[in-house]
Amino acid sequence: MANGRVDLDGNPIKPITICMIGAGGFIGSHLCEKLMSETPHKVLAVDVYDDKIKHLLEPSSLPWADRIQFHRINIKNDSRLEGLIRMADLTINLAAICTPADYNTRPLDTIYSNFIDALPVVKYCSENGKRLIHFSTCEVYGKTIGCFLPKDSPLRQDPAYYVLKEDASPCIFGSVEKQRWSYACAKQLIERLIYAEGAENGLEFTIVRPFNWIGPRMDFIPGIDGPSEGVPRVLACFSNNLLRREPLKLVDGGQSQRTFVYIKDAIEAVLLMIENPARANGQIFNVGNPNNEVTVRQLAEMMTEVYAKVAGESPLDTPTVDVSSKEFYGEGYDDSDKRIPDMTIINRQLGWNPKTSLWDLLESTLTYQHRTYAEAIKKATSKVVAS
Ligand SMILES: NC(=O)c1ccc[n+]([C@@H]2O[C@H](COP(=O)([O-])OP(=O)(O)OC[C@H]3O[C@@H](n4cnc5c(N)ncnc54)[C@H](O)[C@@H]3O)[C@@H](O)[C@H]2O)c1
Ligand SMILES: O=c1ccn([C@@H]2O[C@H](COP(=O)(O)OP(=O)(O)O[C@H]3OC[C@](O)(CO)[C@H]3O)[C@@H](O)[C@H]2O)c(=O)[nH]1
């Protein structure tokens with residue numbers, strides 16, 4: 001498997017050891033899967049949970065069993081972290097609180113998780129001369145310049161006012177009492193710290209700004225594999241509504257726009273970063289799919305249609321309902337209006353392009369959601385009715 005693998009410049013790829021922090025999450029689980037099935041690299045998988053990577057850890061007869069180790073570590077307070085970073089050639093930090101429902105309701109935890117807890121990781125990498133791939137977010141861009149123009153301004157149609165470029169776009173957040181921006185602001189500061197470590201101390205780093213990566217294993221279904229009152233990201237919220245045959249809730253009318261990229265396409269980009277350090281070091285990369293733009297309302301409509309097809313059920317008569325952001329997320333919520341990634345840098349450095357259409361990625365993801373959760377939801381709801 002390892003034989004004959006070459007990087008983008010034709011050089012043989014040597015097997016490396018990767019310390020992956022947050023390996024048990026959505027992105028981490030897909031990255032571990034890719035690394036185990038298609039590369040010779042070793043992974044020291046760090047997380048507080050392992051449910052999403054259990055299938056890669058057991059049984060011990062799996063062909064990659066000697067290439068993946070799970071370390072149940074909370075990076076807030078565990079002295080084993082530095083040792084693991086030292087043992088590895090590369091550290092990938094995915095650990096974070098990254099669900100918008102938390103940003104305005106648990107702003108302190110959000111800031112600690114996204115800034116303070118990431119500090120030792122950066123420090124250990126810098127002090128030990130280790131390469132770091134750090135996961136930031138498209139949210140560092142905040143709002144577009146265009147959203148401040150009058151509604152009927154023709155400039156709103158000009159990409160210069162809304163396409164988000166790593167090396168040119170400003171970061172535009174709401175006021176401090178709009179605590180939604182606690183996450184974006186913490187991510188921006190850790191990006192600046194990493195960048196400064198690179199400039200002043202020679203840290204070899206890559207910063208990734210994911211633009212709404214979605215697919216199987218994202219977040220949780222409330223009351224099934226997560227808290228009943230929990231609010232996950234939109235894919236899981238809408239999946240939950242579809243599985244329970246409830247109307248999908250459109251926050252403030254579902255007018256915000258997003259571009260969604262299939263997790264499997266995005267993971268290809270991360271693998272290119274891992275295996276092409278000369279092209280990825282010192283770079284900040286947008287990773288998204290500019291062709292998959294929809295309003296949240298259109299996303300809800302498409303998910304309703306796709307789910308009816310994969311589940312063989314008719315759609316509801318009233319498939320959506322409007323809710324205010326205050327009712328849904330509480331005080332201090334605010335939103336990014338539109339997020340289209342500029343792809344120039346990732347294209348130039350790594351030749352990467354996303355492939356999967358929104359319809360196709362929803363079809364495979366909702367097939368997974370239906371297969372994984374439909375029975376469990378039926379059981380849970382029949383228990384409630386019986387009691
Ligand atoms: N999924 C996306 O579209 C997206 C978009 C923008 C940014 N990101 C960033 O990518 C990263 C991964 O996102 P994800 O979608 O996989 O989220 P996720 O919540 O599924 O994964 C994060 C993982 O980090 C772990 N973690 C958190 N704090 C920890 C700690 N103190 N110690 C050990 N483990 C800890 C969690 O248990 C979880 O498994 C995050 O940094 C997030 O901000 C993701
Ligand atoms: O039931 C729902 C849930 C959400 N919405 C609206 O959908 C939009 C997208 O929401 P979501 O996927 O939860 O999150 P964001 O895109 O706003 O933010 C994420 O982007 C990247 C990341 O950094 C990590 O994933 C995170 O911050 C939004 O407009 C919600 O209001 C809805 O209408 N109904």
Side-chain angles (χ1 to χ4, degrees), residues 20-31 45-53 71-78 81 92-103 109-110 112-114 116-118 120-121 133-142 180-184 186-187 190 207-215 217-220 222 226 231-241 246-261 263 266 270 286-288 294-297 299-300 303 320-325 328-329 333-339:
M20 193 190 301
I21 306 166
F26 163 57
I27 295 176
S29 72
H30 285 273
L31 188 52
V46 175
D47 207 303
V48 281
Y49 303 113
D50 64 358
D51 323 34
K52 294 185 185 185
I53 51 170
H71 298 264
R72 196 175 304 279
I73 286 178
N74 184 336
I75 62 161
K76 274 183 191 300
N77 48 28
D78 202 304
L81 181 63
I92 301 180
N93 190 7
L94 295 147
I97 289 176
C98 54
T99 35
D102 292 316
Y103 308 163
D109 287 341
T110 300
Y112 272 79
S113 170
N114 283 283
I116 306 286
D117 300 346
V121 177
I133 298 182
H134 184 84
F135 272 69
S136 179
T137 173
C138 57
E139 265 199 35
V140 295
Y141 295 109
R180 156 59 185 259
W181 303 107
S182 58
Y183 165 79
K187 285 282 202 200
I190 198 75
I207 290 169
V208 187
R209 291 181 179 166
F211 280 65
N212 294 75
W213 300 8
I214 61 174
R217 295 197 291 273
M218 185 167 196
D219 298 337
F220 57 91
V231 180
R233 285 168 285 189
V234 70
L235 175 82
C237 284
F238 286 174
S239 300
N240 182 40
N241 298 144
E246 302 164 348
L248 281 58
K249 293 183 176 157
L250 298 179
V251 172
D252 292 337
Q255 290 314 301
S256 297
Q257 288 164 288
R258 295 288 186 272
T259 50
F260 293 94
V261 64
I263 182 71
V270 183
N286 286 344
V287 181
V294 278
T295 62
V296 174
R297 179 178 289 278
L299 175 73
M303 284 182 67
T320 59
V321 61
D322 286 1
V323 290
S324 72
S325 53
F328 193 80
Y329 287 115
Y333 181 75
D334 200 3
D335 208 353
S336 299
D337 54 306
K338 185 174 173 79
R339 285 187 189 151

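Keep in mind it's a predicted model, so treat the numbers as computed, not measured. Counting starts at 1 for both ligands and their atoms, in listed order.
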- prompt: With side chains defined as the heavy atoms from C-beta onward, is the minimum distance between P100 and R180 less than 4.5 Å?
  reply: yes

field: Numbering as shown, the atoms of ligand 1 that approach G22 to under 4.0 Å (heavy-atom distance)
entry: 23 (C), 24 (O), 25 (C)

- prompt: If you count the atoms of ligand 1 from 1 in the order shown, which ones are under 4.0 Å from a heavy atom of N212?
  reply: 3 (O)

query: Looking at atom 41 (O) of ligand 1, what's its closest protein heavy atom, distance included?
result: K187 NZ, 2.9 Å

query: Considering P210, G24, A266, which one's heavy-atom position lies nearest to atom 4 (C) of ligand 1?
result: P210

- prompt: For ligand 1, which atoms sit closer than 4.0 Å to a heavy atom of Y49?
  reply: 37 (O)

- prompt: Hey, is K52 touching ligand 1 through its side chain, its backbone, both or neither, going by heavy atoms under 4.0 Å?
  reply: neither

message: If you define the side chain from C-beta out and look only at heavy atoms, does anything of N240 sit under 4.5 Å from P222?
response: yes

query: Touching ligand 1 at all, F211? Heavy atoms, strictly under 4.0 Å?
result: no

message: Geometry only, no angles: is N93 polar-contacting ligand 1 at N/O separations under 3.5 Å?
response: no

message: Only heavy atoms of T137, strictly under 4.0 Å: list the atoms of ligand 1 that pass.
response: 6 (C), 7 (C)

statement: Of all protein heavy atoms, the one nearest atom 27 (C) of ligand 1 is A96 N, 3.6 Å

query: Would N114 and Y103 count as a side chain to side chain contact (heavy atoms under 4.5 Å, CB included) if you check the C-alpha gap in whole Å, the side-chain angles of each, and the deciding distance to 0.1 Å?
result: CA-CA 11 Å; N114 283 283; Y103 308 163; 5.7 Å; no

query: Nearest protein heavy-atom contact for atom 35 (C) of ligand 1: which residue, which atom, what distance?
result: A95 CB, 3.7 Å

task: Output, in order, the C-alpha distance, side-chain angles, deciding distance and verdict of side chain to side chain contact (heavy atoms under 4.5 Å, CB included) for S336 and Q257.
output: CA-CA 8 Å; S336 299; Q257 288 164 288; over 6 Å; no

Proximal protein residues to ligand 2, non-hydrogen atoms under 4.0 angstrom: C98, P100, Y103, T137, E139, R180, Y183, N212, R233, V234, C237, F238, K249, L250, V251, S256, R258, V296, F328, Y329, Y333, D335, R339

task: Around atom 44 (C) of ligand 1, find the nearest protein heavy atom and jot down its residue, atom name and distance.
output: I27 CD1, 3.7 Å

- prompt: Which residue and non-hydrogen atom of the protein lie closest to atom 12 (C) of ligand 1, and at what distance in Å?
  reply: L94 O, 3.4 Å

query: With the threshold set at 4.0 Å, does a side-chain nitrogen-carboxylate oxygen contact exist between D335 and R258?
result: yes

- request: Go through ligand 1 atom by atom and flag the ones less than 4.0 Å from a non-hydrogen atom of R233.
  value: 1 (N), 2 (C), 4 (C), 14 (P), 15 (O), 17 (O)

query: Are R209 and E139 within salt-bridge range, i.e. N to O under 4.0 Å?
result: no

- request: Kindly give the heavy-atom pair with the smallest separation between C237 and V231, and that separation in Å.
  value: SG-CG1, 4.0 Å

- request: Begin with the C-alpha distance, continue with both residues' side-chain angles, and end with the deciding distance and a verdict on side chain to side chain contact (heavy atoms under 4.5 Å, CB included) for W213 and V208.
  value: CA-CA 12 Å; W213 300 8; V208 187; 4.1 Å; yes

- request: Return yes or no for this condition: an N or O of D47 is under 3.5 Å from an N or O of ligand 1.
  value: yes

- prompt: Taking 4.0 angstrom as the limit, do R297 and D322 come out as a salt bridge?
  reply: yes

task: Please work out whether the ring planes of Y141 and F211 are parallel, tilted or perpendicular, with thresholds of 30° and 60°.
output: tilted

task: Taking atom types as modelled, find out whether D102 and T110 have a side-chain donor-acceptor pair closer than 3.5 angstrom.
output: no

- prompt: Using heavy atoms and a threshold below 4.0 Å, how should the contact between R209 and ligand 1 be classified: side chain, backbone, both, or neither?
  reply: neither

statement: atom 33 (C) of ligand 1 has as its nearest protein heavy atom I73 O, 3.2 Å

Crowding at CZ, F328 (>12 non-hydrogen neighbours, <6.0 Å): yes

- request: May I ask you to list the atoms of ligand 1 that are less than 4.0 angstrom from any heavy atom of C98?
  value: 13 (O), 17 (O), 19 (O), 42 (C), 43 (O)

- prompt: Considering only protein heavy atoms, which is closest to atom 7 (C) of ligand 1, and at what distance to one decimal place?
  reply: S136 O, 3.1 Å

statement: Out of F26, F135, W213, Y183, the nearest non-hydrogen contact to atom 43 (O) of ligand 1 is supplied by Y183

- prompt: Can you list the atoms of ligand 1 that are under 4.0 Å from a heavy atom of I75?
  reply: 30 (C), 31 (N), 32 (N), 33 (C)

query: Going by the order shown, which atoms of ligand 1 are within less than 4.0 Å of some heavy atom of G25?
result: 20 (O), 21 (O), 38 (C), 39 (O)

- request: Would you check if S324 and D252 make a side-chain contact, meaning some heavy-atom pair closer than 4.5 Å?
  value: yes

- prompt: Among the heavy atoms of I21, does any lie under 4.0 Å from an atom of ligand 1?
  reply: no

field: Side-chain donor-acceptor contact under 3.5 Å, R233 with T99
entry: no

query: How far is atom 31 (N) of ligand 1 from its nearest protein heavy atom, and which residue and atom is that?
result: N74 OD1, 2.8 Å

message: Looking at K52, I want to see if its NZ is surrounded by more than 12 non-hydrogen atoms of other residues, nucleotides or ligands under 6.0 Å.
response: yes

- request: Check side chain to side chain donor-acceptor pair (under 3.5 Å) between N93 and all other residues, then give those that pass, not counting sequence neighbours.
  value: none

- request: Give me the ring orientation class for Y329 and Y333: parallel if the planes are under 30° apart, tilted from 30 to 60°, perpendicular past 60°.
  value: parallel

- request: Carefully, step by step, assess V270 and F135 under the rule side chain to side chain contact (heavy atoms under 4.5 Å, CB included).
  value: CA-CA 10 Å; V270 183; F135 272 69; 4.0 Å; yes

